[in-house]
A.B. asks: 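Would you mind keeping the following structure in view while I ask a few things?
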Protein chains: 2
Amino acid sequence: MYLQLQSHLLKDVDFNPEEIKAFTNLLSRQKFNKKTLLLQPGDKVTKEYYVLKGCLKAYYIDEAGQDHIIQFAIEDWWISDFEAFFNAKPAQLYVECLEDSEILSLDKLDLEQLYQTIPKFERFFRLKVTKAFVALRNRVLSGLQNDSKARYKEFCEQYPDLEKRIPNYNIANYLGMSPESLSRIRNSI
Amino acid sequence: MYLQLQSHLLKDVDFNPEEIKAFTNLLSRQKFNKKTLLLQPGDKVTKEYYVLKGCLKAYYIDEAGQDHIIQFAIEDWWISDFEAFFNAKPAQLYVECLEDSEILSLDKLDLEQLYQTIPKFERFFRLKVTKAFVALRNRVLSGLQNDSKARYKEFCEQYPDLEKRIPNYNIANYLGMSPESLSRIRNSI
DNA sequence: AGGTCATCTTGATATACATCAATTTTTAAC
DNA sequence: GTTAAAAATTGATGTATATCAAGATGACCT
């Protein structure tokens, strides 16, 4: 059950079948329609979400009313308001389905307990955060070092699956440029 | 011994004295002069560094020969090429002293072993990475949402100790603007 | 199919900020 | 303390990209 999740787990840490079972037992499966909000600011964030199928975005709306996309998630990715999740603070982000999606949710309390009984999971999630950290660092670097066109090209190389699937204006937002600019860039390639 | 490190450890996880002892036993202390490189591209990264005293920067030089500062570190901060450290890859970054500095270094192998004997340290470093992750996320957001002036103001609020201590052109680089712009901004405030 | 709404494109204008160049101020070295 | 080197400032100009506005294309609903 959840074969893709299973290989996702085994990619980083060699769990045995019982450990995987213990983990999957904690998960609950749900379907959500496009435009559904899994989280919005103020919510108590008790879960993180693994995408079985579909596409989501996490974004933030600043004081000026502008929204800024922090991450996308498609199949085999995790998404949530991780800051709120880890620090037990209310959400600052929206998490919204860009497509009809099928999600596994993992509860924070269950996870904490799992850490106690099987410390290997502490390792798994440390590795996961570390990878996310590196990806973010590269996003910062890309922003400092590249102009819009180069940033877009890099995005396409890194996330070819996202580029096909996600509307222009969402990608532009993620890359920190206007939809008009992205349109011109696409045209010029 | 290493009182500041001790309280740094206890801030996130309640270690007992033996555990702290086990940790500090792994550390080795060294002094470095200003401009010394602790790491440079190609090095095997076997250590991460805790700053007892001084100031350092980690930066990257891109294909165009431009350098980009990824992080600063002063007293009570950790610094290294974390991507290389965690993934056992050769360094991509330079780590350089901006002042004469006193450093504790922690070896990766020792740390891995410590994880085995005292899993609490796995938790400690997971929390540390998580915090760094959130800080980076905010840096991305700040870059997307603010103009140069607002970014500088935010930097000053967040890191008042750095702002005083680090040369103009290093801060400008970190914030992704030219030294000239930062100078004008400072003048206009 | 037709109509409505969302998304994308294209052109004209505006602006924040980089770049270049020259000068002043600060720091470091002997 | 004098000189050299590094860092910071200031002004003039250029450019990437935002913004504004209008129109074209595409998707979705009944």
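Chain naming here is simple, since letters A, B, ... match the order of the sequence lines and numbering starts at 1 in each.
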A.B. asks: Does A:Phe133 have its ring centroid less than 6.0 Å away from the ring centroid of B:Phe133?
C.D. replies: no

A.B. asks: If every non-hydrogen atom of B:Leu56 is compared with every non-hydrogen atom of B:Val95, which pair is closest and at what distance?
C.D. replies: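 Result for this residue pair: CD2-CG1, 4.1 Å.
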
A.B. asks: Should the pair B:Glu112-B:Lys108 be classified as a salt bridge under the 4.0 Å nitrogen-to-oxygen rule?
C.D. replies: yes

A.B. asks: How long is the gap from CD on A:Glu163 to CD1 on A:Ile171, to the nearest 0.5 Å?
C.D. replies: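 Reported value, rounded in 0.5 Å steps: 5.5 Å.
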
A.B. asks: OH of B:Tyr169 versus C1' of D:dT9: gap in Å, rounded?
C.D. replies: 16 Å

A.B. asks: When the axes are fitted on five pairs at both termini, how much does the helix from C:dT9-D:dA22 to C:dC30-D:dG1 curve, in 10° steps?
C.D. replies: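 Computed angle between terminal axes is 50°.
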
A.B. asks: Who are the side-chain hydrogen bond (donor to acceptor under 3.5 Å, both in side chains) partners of A:Arg151, not counting sequence neighbours?
C.D. replies: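 Listed in chain order: nothing, the list is empty.
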
A.B. asks: Would you please confirm or rule out a distance under 4.0 Å between OP1 or OP2 of D:dT10 and any side-chain N or O of B:Asn187?
C.D. replies: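 So the side-chain polar atoms of B:Asn187 do come within 4.0 Å of the phosphate oxygens OP1 or OP2 of D:dT10, strictly under.
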
A.B. asks: Any side-chain heavy atom of B:Leu26 within less than 4.5 Å of one from B:Leu111?
C.D. replies: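 No. Closest side-chain heavy atoms not under 4.5 Å.
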
A.B. asks: Of all heavy-atom pairs between B:Glu75 and B:Leu52, which one has the smallest distance, and what is that distance?
C.D. replies: CG-O, 3.3 Å

A.B. asks: Taking everything shown except A:Gln113 itself, do over 12 heavy atoms lie less than 6.0 Å from its CD?
C.D. replies: no

A.B. asks: Which residues pass the ring-ring contact (aromatic ring centres under 6.0 Å, His included) test with A:Phe82, sequence neighbours left out?
C.D. replies: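 Once residues adjacent in sequence are excluded, A:Phe82 has no partner under the ring-ring contact (aromatic ring centres under 6.0 Å, His included) criterion.
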
A.B. asks: Reading DNA chain C from 5' to 3', where do the contacts with chain A start and stop? Cut-off is 4.0 Å to heavy atoms.
C.D. replies: C:dT7 to C:dA12

A.B. asks: B:Phe155: what forms a ring-ring contact (aromatic ring centres under 6.0 Å, His included) with it, not counting sequence neighbours?
C.D. replies: B:Tyr159, B:Tyr174

A.B. asks: Could you encode protein contacts along nucleotides 15-29 of chain D as a string, one character per nucleotide from 5' to 3', using B for base contact, S for sugar-phosphate-only contact and - for no contact, with a heavy-atom cut-off of under 4.0 Å?
C.D. replies: --SSBBB--------

